[in-house]
2 protein chains.
Amino acid sequence: MRVAILGVGTVGNEVANVLLRNQKLISARSGMNITPVVGVVRDLNKKRDSKIPLTDDINSVIDRDDIDVYVELIGGIDGPYKVVSKILEKKKPVVTANKAMLAYHRNELEKLAGDTPFGYEASVAGGIPIIKALREGLSANHIQKIVGIMNGTSNYILTNMMQGGVKFDEALKKAQELGYAEADPTFDIGGFDTAHKLLILASLAYSVHAKPEDILIEGIEGITNEDIYFANEFEYAIKLLAIAKRREDKVELRVHPALIQKEKMIAKVDGVMNAVSVTGDAVGESLFYGAGAGGSATASAVISDLIDIAREVKNPMLGYKAPLEVLPLGLFKPNEIKTKYYLRLKVADEVGVLAKITNLMSQNNLSIDSFLQKPRIDKSLDFSTLYFTTHTCLEADMLRVVGLLESESFIKGRPFMIRIEE
Amino acid sequence: MRVAILGVGTVGNEVANVLLRNQKLISARSGMNITPVVGVVRDLNKKRDSKIPLTDDINSVIDRDDIDVYVELIGGIDGPYKVVSKILEKKKPVVTANKAMLAYHRNELEKLAGDTPFGYEASVAGGIPIIKALREGLSANHIQKIVGIMNGTSNYILTNMMQGGVKFDEALKKAQELGYAEADPTFDIGGFDTAHKLLILASLAYSVHAKPEDILIEGIEGITNEDIYFANEFEYAIKLLAIAKRREDKVELRVHPALIQKEKMIAKVDGVMNAVSVTGDAVGESLFYGAGAGGSATASAVISDLIDIAREVKNPMLGYKAPLEVLPLGLFKPNEIKTKYYLRLKVADEVGVLAKITNLMSQNNLSIDSFLQKPRIDKSLDFSTLYFTTHTCLEADMLRVVGLLESESFIKGRPFMIRIEE
């Protein structure tokens, strides 16, 4: 399957990179080789590190007979709409990450596509497979509600205001310095980017063909530290939410900052991360969390669409049957595990006990990361409790240390160990 | 597509109920009617509320020519293995939720199935579409790590110990009273249920054909309040985790209680909920959260497999093209939104201001849920800040109140409102 990439920026470049890097894996999973053969850019003179041939002549690429699938990553609304329409008219499959185009033209494009595959998993919430979840994973359900945090810039700013106590302007400036926000941040902090994504999800879940101008869109610009104060006081987080909510035969679609109880899972989504909560009549609430932007995460979604298309063309059963690894992997034995450990010991109050324990640990390759011993307040007890954590080590070493400690007379009861997961 | 349900307990009953209740929706999404035609039970005399005909003669059902797909919900290992083998030998598709059977026999069953659809989305983490995410949504990625909380009983007990300060025995007793734990809880709290699910995920991600006896399985029985104390002190949560981690060409598979930093998303999964975190080389970390058990959530996963099979049989394009709602829904206008509101007002320090505001609210159908006014410490300011939250009301009413307040002379600056999402 020969792929042309229209628009080779951060995402386009990563689509080519991941397709080439994971080629064997992807061909095992898709049933065919998926090869990026050409990329289209506006300015050929701009210096870039591309692993595929580039051209600035988009029409010649659209006219080529040897391209099987087009990936549209141009950006904008009407320009790419014309390009995608032209390709779909030729019955060639298209994969796009272009949420703005889809917010305005998804309905026409779906109709135009007809039986030609048209994938846009990457248009909503980057690497999170939320479109597939709605279409397939939760296909038994009437969707009652969708609530999403789908703009990393806004979530980064609000997280900083909540946790760092900084003001909106400072948080925005920091986001811009870190490259999380554009010089003109209106599109992100004004809620428009989030709205585009909401319209795509809502059209899938509810067949509502609304445009951005039909729905409530409010940004986070007005949030002050007084609101943050109130929110903290009353155990709320403030998040820029996209909400689609069904009431009888109509839906509310809205984008606005919202107070949401801190103990809710979606309130815990911090920084630039994205999450979408979907409530279905059978499944209840489920939540999908991950990187909402970034070249590599978005490429993951683009390529999942390419693999789906390859499977449909060649063998629809591959969804069930494809090997997920090219070679089966071996299994480490339990004592070959490497991790960090927490160790709780009850020890007699004798001189030199801690030195004996730490010597024994270091002789067996255990390195201590933290240690805690509380003053023994209850004098009726004849032991103290020691708490250790270690740096990463081998399970076999840890088990040996536990065994050796257990046989020491100054150890009371059994040493107890919990592994630490990073 | 005619479906036989083998084993009509809580899950089987809900499979039939949801198939019947959402029949129009499911037939639009799958391209055909999916009808539960018969259920098999062990004891026909047991009183139950089934909407489909029942029989206790499983062989007669397996021999019927008019059944297109079998749903296996019998439970156990070798009994259902024989049944499923027999059905797959006849080239009839099978959907199962039986993790114990799959932990031991998934490899033989996959081979036996060949090109016959064999779905088991429901076997891991109930309603969360994690198997589809691994096979399809994240298909571009080498899977580096899987970390899951996949046993609601254990997570409920640990959450209670962490948050409620109760001891293990008390937490277990409470879980048993609430029906979250069995009379003999070993299978859940000993980590065996989690291990079955881990083996299924690991065989998908890594083609590792391990059995439960090949991997490290430790339960949560040894956790004491001292460990909880340490964990809280050092900002860790304690969770029963399933871990699959790749190092070069081998994987670690292990199930054990683990300390995990509280700010990690998976550390925030509390109570009976499940979550699976998957780290891929392109997508980074993504997390899938939802109900890991319960008849209705598990039925959601079983039916998603049935819909996938229907699409494959009739029209693989339906994954992309199926309408998700039977009828397109209407769109509420922005001022028809119903929600709760937070309102911040700066008001002059005059007698009777609060009475005027609250009268105006009640005359316009706004009912106050909470109110906060801090003592004005900075005497140089000529206003106080009032914070209100309302009960659910109509956006139009709220906007009218804001407009009316804005025109009052005792209001300083603009009233500021944030919606509250429940």
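This one's a predicted model, so the numbers in the text were calculated from it and none came from an experiment. Letters go in sequence order (proteins before strands), and every chain restarts at 1.
- The greatest number of non-hydrogen atom pairs below 4.5 Å with chain B, out of E226(A), K239(A), E248(A), R414(A), is found for E226(A).
- With no hydrogens or angles considered, a side-chain donor-acceptor pair links S277(A) and E285(A) at under 3.5 Å.
- Heavy-atom contacts from other residues, nucleotides or ligands closer than 6.0 Å to NZ of K338(A) number 12 or fewer.
- For Y341(B), no part lies under 4.5 angstrom from a heavy atom of chain A.
- Proximity to chain A is limited to the side chain of I243(B), based on heavy atoms less than 4.5 angstrom apart.
- Here the side chains of R135(B) and L204(B) are in contact, with some heavy-atom distance below 4.5 Å.
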Between L386(B) and R344(B), is a side chain to side chain contact (heavy atoms under 4.5 Å, CB included) present by the stated rule, with each step listed?
CA-CA 6 Å; L386(B) 310 185; R344(B) 162 168 51 84; over 6 Å; no
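- There is no contact between K340(B) and chain A, counting heavy-atom distances below 4.5 Å.
- Residue-environment remark: NZ (K262(A)) exceeds the threshold of 12 foreign heavy atoms within 6.0 Å.
- V255(A) places none of its side-chain heavy atoms less than 4.5 Å from the side chain of L216(A).
- Heavy atoms closer than 4.5 Å to chain A are found in the side chain of E395(B), but not in its backbone.
- At a 4.5 Å heavy-atom cutoff, the contact between F234(A) and chain B is made by side-chain atoms alone.
- Side-chain contact between V278(B) and L138(B) is present, with heavy atoms from C-beta onward closer than 4.5 Å.
- When all heavy atoms of G137(A) and K132(B) are compared, the closest pair comes out as N-CD, 3.9 Å.
- The environment of NZ in K333(B) is sparse: at most 12 heavy-atom neighbours from other residues, nucleotides or ligands sit within 6.0 Å.
- Contact annotation for E252(B): both backbone and side-chain heavy atoms come within less than 4.5 Å of a heavy atom of chain A.
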Take L343(A) and F416(A) through the test side chain to side chain contact (heavy atoms under 4.5 Å, CB included) and record every step on the way to the result.
CA-CA 6 Å; L343(A) 184 64; F416(A) 185 72; over 6 Å; no
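- Interface residue D227(B): backbone and side-chain heavy atoms are both found under 4.5 Å from chain A.
- Taking 4.5 Å as the limit, every side-chain heavy atom of I303(A) sits out of range of all side-chain heavy atoms of D305(A).
- Heavy atoms of E421(A) lying under 4.5 Å from chain B belong to its backbone as well as its side chain.
- Proximity to chain A (any heavy atom under 4.5 Å) is restricted, for I238(B), to the side chain, taken from C-beta onward.
- Counting heavy-atom pairs closer than 4.5 Å to chain A, the top-ranked of the candidates V302(B), V283(B), V251(B) is V251(B).
- Both the backbone and the side chain of R247(A) come within less than 4.5 Å of a heavy atom of chain B.
- In this structure, chain A has heavy atoms under 4.5 Å from both the backbone and the side chain of T224(B).
- Interface remark: D214(A) contributes backbone and side-chain atoms alike to the contact with chain B (heavy atom separation under 4.5 Å).
- Between chain A and the options V208(B), D281(B), T385(B), L372(B), the largest number of non-hydrogen pairs under 4.5 Å is found for D281(B).
- Contact annotation for F288(A): both backbone and side-chain heavy atoms come within less than 4.5 Å of a heavy atom of chain B.
- Counting heavy-atom pairs closer than 4.5 Å to chain A, the top-ranked of the candidates E233(B), E121(B), K264(B) is K264(B).
- Neither the backbone nor the side chain of I130(A) comes within contact range of chain B; no heavy atom of the residue lies under 4.5 Å from a heavy atom of that chain.
- Checked against a 6.0 Å centroid threshold, the rings of F230(B) and Y342(A) count as neighbours.
- In this structure, chain B has no heavy atom under 4.5 Å from any part of E263(A).
- Of the listed residues K145(A), R21(A), E14(A), the one with more heavy-atom pairs under 4.5 angstrom with chain B than any other is R21(A).
- When only modelled atom types and interatomic distance are considered, T389(B) and S370(B) share a side-chain donor-acceptor pair under 3.5 Å.
- Most heavy-atom pairs under 4.5 Å with chain B: of the set E336(A), Q261(A), R254(A), this distinction falls to R254(A).
- Ranking G290(A), P334(A), G330(A) against chain B, the residue ahead of the rest is G330(A), based on heavy-atom pairs under 4.5 Å.
- By the 4.5 Å heavy-atom criterion applied to side chains, V269(A) and Y289(A) are counted as neighbours.
- For a residue to count as touching a neighbouring chain, one of its non-hydrogen atoms must lie under 4.5 Å from one of that chain's; by this rule I307(B) touches chain A with the side chain only.
- Counting heavy-atom pairs closer than 4.5 Å to chain A, the top-ranked of the candidates P129(B), G127(B), A140(B) is A140(B).
- The greatest number of non-hydrogen atom pairs below 4.5 Å with chain B, out of H209(A), K245(A), M273(A), is found for K245(A).
- Within the 4.5 Å cutoff, the side chain of E136(A) has no heavy atoms near those of the S304(B) side chain.
- Judged purely by distance below 3.5 Å, without hydrogens or angles, the side chains of E110(B) and N107(B) never pair a donor atom with an acceptor atom.
- In terms of heavy-atom pairs under 4.5 Å with chain A, the best-connected choice from A267(B), A231(B), A282(B), G280(B) is A282(B).
- Counting heavy-atom pairs under 4.5 Å between each of L241(B), T339(B), V147(B) and chain A puts T339(B) at the top.
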